[in-house]
There are 4 protein chains.
Amino acid sequence: MNILTEKQRTEKAEKIADTALQLFQTRSFGSITMSQIAAKSGVGKGTLFNYFETKENIFMRLLLSGYQDYFENLIQDFQKLPSQVSVEEFSNFMINQTQYLIRDKSVLVRLNALRAPVLEGRANMDQTLAGRQVLYETSQRLGQVISEHVTFISKSEASHLFIVQSAIISGLMNMMGLDEFDHEQLSPKFTDFKINLETDAIQTLKFYLTGFFASKKQ
Amino acid sequence: MNILTEKQRTEKAEKIADTALQLFQTRSFGSITMSQIAAKSGVGKGTLFNYFETKENIFMRLLLSGYQDYFENLIQDFQKLPSQVSVEEFSNFMINQTQYLIRDKSVLVRLNALRAPVLEGRANMDQTLAGRQVLYETSQRLGQVISEHVTFISKSEASHLFIVQSAIISGLMNMMGLDEFDHEQLSPKFTDFKINLETDAIQTLKFYLTGFFASKKQ
Amino acid sequence: MNILTEKQRTEKAEKIADTALQLFQTRSFGSITMSQIAAKSGVGKGTLFNYFETKENIFMRLLLSGYQDYFENLIQDFQKLPSQVSVEEFSNFMINQTQYLIRDKSVLVRLNALRAPVLEGRANMDQTLAGRQVLYETSQRLGQVISEHVTFISKSEASHLFIVQSAIISGLMNMMGLDEFDHEQLSPKFTDFKINLETDAIQTLKFYLTGFFASKKQ
Amino acid sequence: MNILTEKQRTEKAEKIADTALQLFQTRSFGSITMSQIAAKSGVGKGTLFNYFETKENIFMRLLLSGYQDYFENLIQDFQKLPSQVSVEEFSNFMINQTQYLIRDKSVLVRLNALRAPVLEGRANMDQTLAGRQVLYETSQRLGQVISEHVTFISKSEASHLFIVQSAIISGLMNMMGLDEFDHEQLSPKFTDFKINLETDAIQTLKFYLTGFFASKKQ
DNA sequence: GATGAATGAGGATTCATTCAT
DNA sequence: AATGAATGAATCCTCATTCAT
């Protein structure tokens with residue numbers, strides 16, 4: 001066990017990160033401890049630090065690789081589409097993606113909210129920037145692919161669109177739960193404060209896309 | 001000093017809360033300590049706890065009273081407008097407000113992001129709900145006023161609009177700084193990741209409003 | 001209200017002390033706060049300190065005056081008895097007293113257990129010793145009265161007997177509740193650990209008195 | 001240092017507990033701090049909490065293991081005695097034990113006085129009850145052994161006798177020091193208040209045993 | 001004399017991280 | 001490489017006491 005292959009090393013790091021992700025589904029960053037991650041991963045506490053310098057690095061990696069995977073999948077999905085895609089078809093695609101992000105990848109969006117205020121303060125800068133660089137390139141490739149399929153949208157605009165998409169979901173997420181307190185439902189009150197995340201996000205994105213394409217057509 | 005009037009008590013509580021707010025302009029919730037707030041307020045550490053049960057209560061109060069003030073001002077501003085306001089005029093109003101929120105009240109939006117994951121866990125529930133109740137009523141009054149001035153928008157829709165507005169700003173804020181690391185500007189890179197908060201928020205809101213009114217007119 | 005008569009002053013001090021005593025019936029010294037005493041007494045927190053230098057002084061006073069009253073009453077009771085009292089009658093008297101102490105004055109015994117380890121560290125020494133002096137004299141008078149009524153017991157022995165009586169009750173009290181945990185009854189277990197305070201105290205005292213008088217008669 | 005054997009773990013826990021015990025010889029529970037225990041044990045403050053959940057748990061353990069050892073030793077001592085022991089021999093044995101408890105194990109008795117009012121509020125209940133269970137069984141075994149050696153005393157009575165023994169010592173201890181103040185000897189005064197712990201405890205126990213056996217013989 | 005606002009020393013406890021094995 | 005025991009800085013909070021009014 002003395003010398004691990006690169007693959008073995010990567011797999012163990014992933015196991016640790018995955019465990020952290022699972023914990024993050026139901027708990028906040030602050031309430032997750034390294035001990036819990038170690039116990040649930042089935043590795044020793046010290047081992048964590050052989051793979052990640054700090055707790056923040058674990059979550060920064062989750063954020064970067066999560067978006068990396070998401071963007072890669074988007075590229076794949078897009079390449080399956082016919083060479084030309086109408087504005088309407090593209091909008092539907094984005095709406096489906098939004099639904100998917102909310103239903104299956106909401107942690108990604110929650111991780112995003114941690115990045116600047118929590119993670120960057122103690123994450124390894126070089127590592128983070130290297131990951132971000134790769135992500136940026138992927139995002140550029142994604143933008144490229146989209147711009148090739150959809151008239152009226154440039155590479156830059158496409159790339160930026162996904163930032164806006166995440167922003168909308170993240171923002172609405174922040175505003176959710178005003179009809180609850182600490183996850184306890186309150187007696188029916190505050191109805192106009194209530195956010196239906198999926199409905200509101202899709203509507204907001206739809207309006208955004210409509211507005212965006214309208215502005216391009218002029 | 002023996003017995004404080006309600007006003008004096010409120011003023012001191014506000015002084016403490018204001019200090020916390022100032023610290024929050026440049027630091028994160030987690031890195032602000034009660035000792036710092038005490039020292040910077042010029043009061044003893046114990047005094048803090050005479051005014052606020054917990055650290056979280058301080059910030060919950062800032063959040064609630066911040067939005068309370070914001071909504072109250074909006075009502076005032078709106079009442080100065082002519083009895084009928086066109087959709088375009090209303091949109092401009094909202095855009096100005098967005099700019100104002102970003103430029104002068106961005107902490108409010110950042111506080112919002114703390115609410116569910118951080119504050120509610122340890123804030124006094126009754127106090128919070130009382131504050132939220134008042135805020136809700138104000139938001140309803142605001143919605144009422146708007147619906148009276150603007151055709152095509154109901155009280156509920158107007159009230160909900162401000163939630164969306166905050167969501168957009170908050171979400172974009174979360175996505176900002178991808179061209180920085182821990183507030184250090186990086187050499188020009190990641191340009192398509194860059195969020196220009198004001199521009200992007202206004203554009204997104206504009207699109208939202210356009211889409212919203214278009215959907216109403218049908 | 002500027003100048004209080006000695007009587008008024010004493011009455012207020014007693015009101016405060018009484019409140020503390022009431023709280024002590026159901027709570028421990030450590031969990032009683034000066035704020036609670038003030039609130040329940042209906043006086044200001046600062047007023048407490050006009051009457052008692054420290055929290056410990058309040059309880060020391062309760063201890064001293066409690067025993068003072070108890071001894072005074074004993075003297076009165078004794079003086080009502082016929083001039084000669086048999087050993088058996090005296091024993092019955094002591095047993096009744098034990099029962100009374102347990103049923104109605106158990107706080108007194110609990111206070112006793114606080115004296116050395118808790119109170120003396122921060123109680124006013126002069127005041128305490130003055131009180132103890134008075135108590136001592138009363139105890140001597142009590143001893144005197146008893147020795148006059150009961151053959152076979154000297155003043156010193158009688159005086160000492162009450163110390164032993166309190167010791168027995170206090171000690172058994174300390175050993176109570178081994179069939180409970182933090183006042184929660186446990187499922188029937190530990191039966192031989194169980195102390196029945198009244199029964200055990202009376203039996204122990206009875207044995208003590210029997211032994212004592214037997215040793216004197218030899 | 002990587003993984004400690006059960007024995008090593010126990011030893012370190014004992015080292016910490018021993019340190020607490022030493023401090024408790026001369027200071028009160030309330031005035032002993034975790035920092036002091038850590039410093040005097042030569043371990044870090046955090047280490048304390050790896051071994052004991054709370055400060056109260058340390059002292060609860062001292063209490064339980066102290067009595068456990070005491071009872072075990074008593075069983076051993078008793079098994080060395082001839083198969084039949086006269087009432088007088090047994091009484092002498094108990095008196096010697098009382099002397100030993102007072103001279104060498106008085107902290108044990110002082111710890112007992114902390115149990116209900118102080119320790120149980122914050123000690124781990126399951127741990128405590130497990131320890132108490134073991135102690136109870138030991139006490140039963142001790143009772144058994146005694147009842148086998150001494151006619152006139154049942155297992156239950158023997159077991160209960162040790163509770164009474166501790167109660168007598170503990171109670172007298174509470175009443176001690178009335179000729180002192182905060183451990184400072186006062187000029188010769190209050191002589192009849194003076195408890196000579198050893199003499200008084202032995203005498204009280206002797207009377208108790210005499211009374212007890214007399215009641216059995218009838 | 002009465003009051004309660006202000007105080008701050010002091011305490012228990014948490015947890016990311018280190019490092020000897 | 002893996003481990004988990006050890007660590008101690010850091011944090012929130014309590015509450016007896018002081019003192020200006």
Side-chain angles (χ1 to χ4, degrees), chain A residues 1-4 8-9 12 30-39 42-58 122, chain B residues 1-4 8-9 12 30-39 41-56 122, chain C residues 1-4 8-9 12 30-39 42-58 122, chain D residues 1-5 8-9 12 30-39 41-56 58 122:
Chain A
M1 196 205 275
N2 220 349
I3 274 199
L4 266 58
Q8 286 175 311
R9 200 175 157 74
K12 184 160 276 192
S31 71
I32 296 170
T33 70
M34 290 300 259
S35 294
Q36 287 164 6
I37 298 174
V43 303
K45 217 193 300 190
T47 309
L48 258 46
F49 291 86
N50 290 344
Y51 289 86
F52 298 95
E53 285 172 57
T54 62
K55 182 184 172 186
E56 284 78 7
N57 269 341
I58 302 181
R122 300 180 41 82
Chain B
M1 189 215 285
N2 195 8
I3 187 157
L4 266 54
Q8 286 175 311
R9 200 177 157 74
K12 181 155 279 190
S31 70
I32 296 170
T33 71
M34 289 299 258
S35 296
Q36 287 163 8
I37 298 174
S41 306
V43 303
K45 218 188 297 188
T47 308
L48 255 49
F49 292 91
N50 288 346
Y51 287 86
F52 297 95
E53 284 171 56
T54 61
K55 183 183 164 186
E56 283 77 9
R122 298 179 44 78
Chain C
M1 194 203 276
N2 222 350
I3 274 197
L4 266 57
Q8 286 174 310
R9 200 178 157 73
K12 184 159 278 190
S31 70
I32 297 169
T33 69
M34 291 299 258
S35 294
Q36 287 163 7
I37 298 174
V43 302
K45 217 193 299 190
T47 308
L48 259 45
F49 291 87
N50 290 344
Y51 289 85
F52 297 95
E53 285 172 56
T54 61
K55 182 183 171 187
E56 285 76 8
N57 269 343
I58 301 180
R122 300 178 43 79
Chain D
M1 186 213 285
N2 194 8
I3 188 156
L4 266 54
T5 61
Q8 285 175 310
R9 200 178 156 72
K12 180 155 280 189
S31 71
I32 296 170
T33 70
M34 289 300 258
S35 294
Q36 287 164 7
I37 297 174
S41 305
V43 302
K45 219 188 297 189
T47 307
L48 257 48
F49 291 88
N50 288 345
Y51 287 86
F52 297 95
E53 285 171 56
T54 60
K55 182 182 167 187
E56 284 77 7
I58 302 182
R122 299 178 44 79

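Lettering follows sequence order; numbering is per chain, from 1.
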### Task
Would you give the length of the straight line joining atom CD1 of Ile58(A) to atom CD1 of Ile37(A), rounded to the nearest 0.5 angstrom?
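One gets 4.5 Å once the value is rounded to the nearest 0.5 Å.
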### Query
Name the stems with DNA chain F in them: runs of three or more consecutive Watson-Crick or G-U pairs, distances under 3.5 Å?
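E:2-21 with F:2-21 - these are the stems of 3 or more pairs that involve DNA chain F.
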What is the minimum heavy-atom distance between [X] and [Y], and which atoms define it?
X: Thr54(D); Y: Met34(D); result: C-CE, 4.3 Å
X: Gly30(A); Y: Lys55(A); result: O-NZ, 4.2 Å
X: Asn50(D); Y: Arg9(D); result: O-NH2, 2.9 Å
X: Lys45(C); Y: Ala38(C); result: CA-CB, 3.7 Å

Between atom [atom1] in [X] and atom [atom2] in [N], what is the gap in whole Å?
X: Met34(B); N: dC13(F); atom1: CE; atom2: P; answer: 6 Å
X: Lys45(A); N: dC19(E); atom1: NZ; atom2: P; answer: 15 Å
X: Ile32(B); N: dT11(F); atom1: CD1; atom2: P; answer: 12 Å

### Query
Between Arg122(D) and Gly46(B), which is nearer to the 5' end of DNA chain E once each is assigned its nearest nucleotide?
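Looking at DNA chain E, the more 5' nearest nucleotide goes with Gly46(B).
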### Task
With DNA chain E as reference, determine whether Gln36(D) or Val43(C) sits nearer its 5' end, using the nearest nucleotide of each.
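Looking at DNA chain E, the more 5' nearest nucleotide goes with Val43(C).
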### Message
So Tyr51(B) and Thr47(B), do their side chains get closer than 4.5 Å, heavy atoms only?
### Response
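A side-chain contact exists here, since the closest heavy-atom pair is under 4.5 Å.
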### Query
At under 4.0 Å, does any side-chain N or O of Arg9(A) touch on OP1 or OP2 of dA1(F)?
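Yes, within the criterion.
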### Query
Looking only at side-chain N and O atoms, does Lys12(D) come under 4.0 Å of OP1 or OP2 in dA6(F)?
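For dA6(F), OP1 or OP2 has a side-chain N or O of Lys12(D) closer than 4.0 Å.
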### Task
Report the residue (Thr33(B) or Gly44(D)) whose heavy-atom-nearest nucleotide on DNA chain F is the more 5′ of the two.
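The residue mapped nearer the 5' terminus is Gly44(D).
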### Query
Which part of the nucleic acid, if any, lies within reach of Ile37(A) when heavy atoms closer than 4.0 Å are counted: base, sugar-phosphate only, or nothing?
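Nothing: the residue Ile37(A), judged by heavy atoms under 4.0 Å, touches no strand.
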### Message
What residues from residues 47-58 of chain C pass a heavy-atom cutoff of under 4.0 Å to DNA chain F?
### Response
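Hits under 4.0 Å, by residue number: Phe49(C), Thr54(C), Lys55(C).
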